[in-house]
Amino acid sequence: QVQLVESGGGLVQAGGSLRLSCTVSGSIFGFNILGWYRQSPGTQRELVASITSGRTTRYRDSVRGRFTISRDNAKNTVYLQMNSLKPEDTAVYYCAAGPGYDMQYWGQGTQVTVSS
């Protein structure tokens with residue numbers, strides 16, 4: 001059974017950085033899309049960034065230029081480097097994997113809190 005485990009969340013001041021990691025049990029080669037989503041209270045879950053098996057990346061406008069998604073196939077891990085964090089980035093961040101954007105597997109989430 002595939003499991004995704006996130007780590008790296010925490011509390012940071014505005015302008016700071018965090019790096020989230022998501023390790024997938026089993027190989028990530030079988031997943032065309034790896035993504036990071038986030039959800040804050042009272043809002044819908046939204047796609048933050050995604051990366052394909054061919055390493056094509058996609059970002060939502062509000063994080064482009066500040067966040068970077070990457071994948072290390074040898075370590076079965078996908079990362080989200082978050083720089084210049086803003087209070088509005090506060091959310092629970094989830095990683096997900098699937099053959100397409102209808103994600104098949106989800107992690108349990110990690111809290112990111114950015115203080116002003």
Side-chain angles (χ1 to χ4, degrees):
Q1 183 172 345
V2 176
Q3 289 187 316
L4 283 64
V5 179
E6 301 103 334
S7 61
L11 173 64
V12 65
Q13 287 188 330
S17 298
L18 285 174
R19 188 175 82 154
L20 305 183
S21 300
C22 174
T23 300
V24 181
S25 64
S27 173
I28 64 174
F29 278 107
F31 299 113
N32 183 42
I33 306 288
L34 297 171
W36 286 96
Y37 291 72
R38 68 186 180 189
Q39 186 171 23
S40 52
T43 68
Q44 288 190 330
R45 190 173 297 188
E46 61 186 22
L47 176 65
V48 176
S50 64
I51 185 166
T52 70
S53 55
R55 301 184 188 276
T56 297
T57 57
R58 173 181 170 184
Y59 299 93
R60 68 181 304 104
D61 288 346
S62 61
V63 308
R64 188 175 293 112
R66 299 187 297 122
F67 291 11
T68 303
I69 189 171
S70 61
R71 61 191 287 170
D72 185 333
N73 290 342
K75 295 183 178 180
N76 293 322
T77 300
V78 58
Y79 303 97
L80 185 68
Q81 177 66 44
M82 305 186 294
N83 299 327
S84 301
L85 282 160
K86 304 175 180 181
E88 51 264 43
D89 294 318
T90 295
V92 177
Y93 283 70
Y94 300 88
C95 69
Y101 284 101
D102 51 340
M103 295 297 186
Q104 192 173 6
Y105 298 99
W106 292 84
Q108 82 288 351
T110 186
Q111 177 71 46
V112 171
T113 303
V114 184
S115 64
S116 57

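Every heavy atom of this structure was used, including side-chain atoms; hydrogens, water molecules and symmetry mates were not. Numbering of residues begins at 1 and proceeds along the displayed sequence. Source: prediction; values computed, not measured.
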Asker: So Leu4 and Tyr94, do their side chains get closer than 4.5 Å, heavy atoms only?
Answerer: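 Counting from C-beta outward, Tyr94 and Leu4 never come under 4.5 Å.
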
Asker: Would Tyr37 end up clustered with Val92 when hydrophobic side chains under 4.5 Å apart are linked, directly or stepwise?
Answerer: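 Tyr37 and Val92: one cluster.
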
Asker: Nearest heavy-atom pair of Arg38 and Ala91: which atoms, and what distance?
Answerer: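 Nearest pair, atom of Arg38 first, then Ala91: CB-CB, 3.8 Å.
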
Asker: Please check: side-chain N/O of Arg55 versus main-chain N/O of Arg71, any donor-acceptor pairing under 3.5 Å?
Answerer: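 Present.
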
Asker: With the 4.5 Å side-chain cut-off for hydrophobic clustering, are Val114 and Met82 part of the same group?
Answerer: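 Yes, one cluster joins them.
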
Asker: If you look at every heavy atom in Leu80 and Val48, which pair is closest and at what distance?
Answerer: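 Between these two residues, the closest heavy atoms are CD2-CG1, 4.3 Å.
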
Asker: Within a strict 4.5 Å, meaning less than it, do heavy atoms of the Ile69 and Tyr59 side chains meet?
Answerer: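 The answer is yes; the side chains approach within 4.5 Å.
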
Asker: With a 3.5 Å cut-off and sequence neighbours excluded, list the donor-acceptor pairs that the side chains of residues 8-21 form with protein atoms.
Answerer:
{"residue": "Ser17", "atom": "OG", "partner": "Asn83", "partner atom": "OD1", "Å": "2.9"}

Asker: Are Leu85 and Val63 co-members of a hydrophobic cluster defined by side-chain heavy atoms under 4.5 Å apart?
Answerer: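 Yes: a chain of side-chain contacts under 4.5 Å links Val63 to Leu85.
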
Asker: Check whether Thr57 reaches the backbone of Ile51 with its side chain - one donor and one acceptor, N or O, closer than 3.5 Å.
Answerer: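 Absent.
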
Asker: Enumerate, atom names and distances included, each donor-acceptor pair closer than 3.5 Å involving a side-chain atom of residues 96-109, sequence neighbours excluded.
Answerer:
{"residue": "Tyr101", "atom": "OH", "partner": "Ser50", "partner atom": "OG", "Å": "2.8"}
{"residue": "Gln108", "atom": "NE2", "partner": "Glu6", "partner atom": "OE1", "Å": "3.3"}

Asker: Does any N or O in the side chain of Ser25 come within less than 3.5 Å of the main-chain N or O of Gln3, such that one atom is a donor and the other an acceptor?
Answerer: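 The answer is yes, because a donor-acceptor pair under 3.5 Å joins these two groups.
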
Asker: Considering only NZ, NE, NH1 and NH2 on the basic side and carboxylate oxygens on the acidic side, decide whether Lys86 and Asp89 come within less than 4.0 Å.
Answerer: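 Here Lys86 does not pair with Asp89 in a salt bridge, since their nearest N and O are not under 4.0 Å apart.
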
